[in-house]
Amino acid sequence: MLPCYIINLDRAKDRWDEVSGRFQSVGFNVIRVPAVDGRELRFPHPDFAQRRYFWLYGRPPVGAKIACFLSHIKALKTFLESDAQHALICEDDVFPK
């Protein structure tokens, strides 16, 4: 069964319930990755180069965008720590048909 890592905020339990059920119903091994919450993100952050971001994009970072990036990195690290050869990584607003 292909593992499916789904990024989900702790406060979005209803979204988790819906998306996990849909992915399980089509045969995925669903694994929840707790998302980094942009509301709780503080700068400077040890995993984010704020000066480099500003240099590349010319504007200060937006917490929600940086939290999304950090959440995907977290999901990738979780996958790499597993024995799986392949996996699907998505956010909790993606649904299989």
Does this structure show an ion pair linking Glu18 with Arg22, if we count only N-O contacts that are shorter than 4.0 Å? yes
Assigning hydrophobic clusters by single linkage (Ile, Leu, Val, Met, Phe, Trp, Tyr; side-chain heavy-atom cutoff under 4.5 Å), is Phe43 placed with Leu56? yes
Starting at CZ of Phe23, measure out to CD1 of Ile31 and round the result to the nearest 0.5 Å. 12.0 Å
Using 0.5 Å steps for rounding, measure from the OG atom of Ser71 to the CD atom of Glu91. 8.0 Å
Rounded to the nearest 0.5 Å, what separates atom OH in Tyr57 from atom NZ in Lys65? 9.5 Å
Co-membership, hydrophobic cluster, residues Ile6 and Leu88, 4.5 Å side-chain: yes
Taking all heavy atoms of Val30 and all of Gln24, pick out the closest pair and write down the distance. CG2-CG, 3.5 Å
Shared hydrophobic cluster, Leu80 / Tyr5 (ILVMFWY, side-chain heavy atoms < 4.5 Å): yes
Quick one: do Ile73 and Phe48 satisfy side-chain contact (heavy atoms from CB on, under 4.5 Å)? Show the steps, please. CA-CA 11 Å; Ile73 296 298; Phe48 175 68; over 6 Å; no
Nearest heavy-atom contact between Ile89 and Ala75 is CG2-CB, 3.7 Å
Closest non-hydrogen contact found for Gly63 with Leu41 is O-CD2, 3.6 Å
Is there a donor-acceptor pair under 3.5 Å between the side chain of Lys74 and the backbone N or O of Val33? no
Salt-bridge present (Arg32, Asp10; N to O < 4.0 Å): yes
If you round to the nearest 0.5 Å, how far is CZ of Arg52 from CH2 of Trp55? 8.5 Å
Determine whether Leu9 and Val94 fall in the same hydrophobic cluster, where Ile, Leu, Val, Met, Phe, Trp and Tyr are linked whenever their side-chain heavy atoms lie under 4.5 Å apart. no
So which atom in Cys90 and which in Cys4 form the shortest heavy-atom distance, rounded to 0.1 Å? SG-SG, 3.8 Å
Please collect all ring pair (Phe, Tyr, Trp, His ring centres under 6.0 Å) contacts where either partner lies in residues 69-95, sequence neighbours excluded, each pair once. none
What is the minimum heavy-atom distance between Asp37 and Arg39, and which atoms define it? OD1-N, 2.9 Å
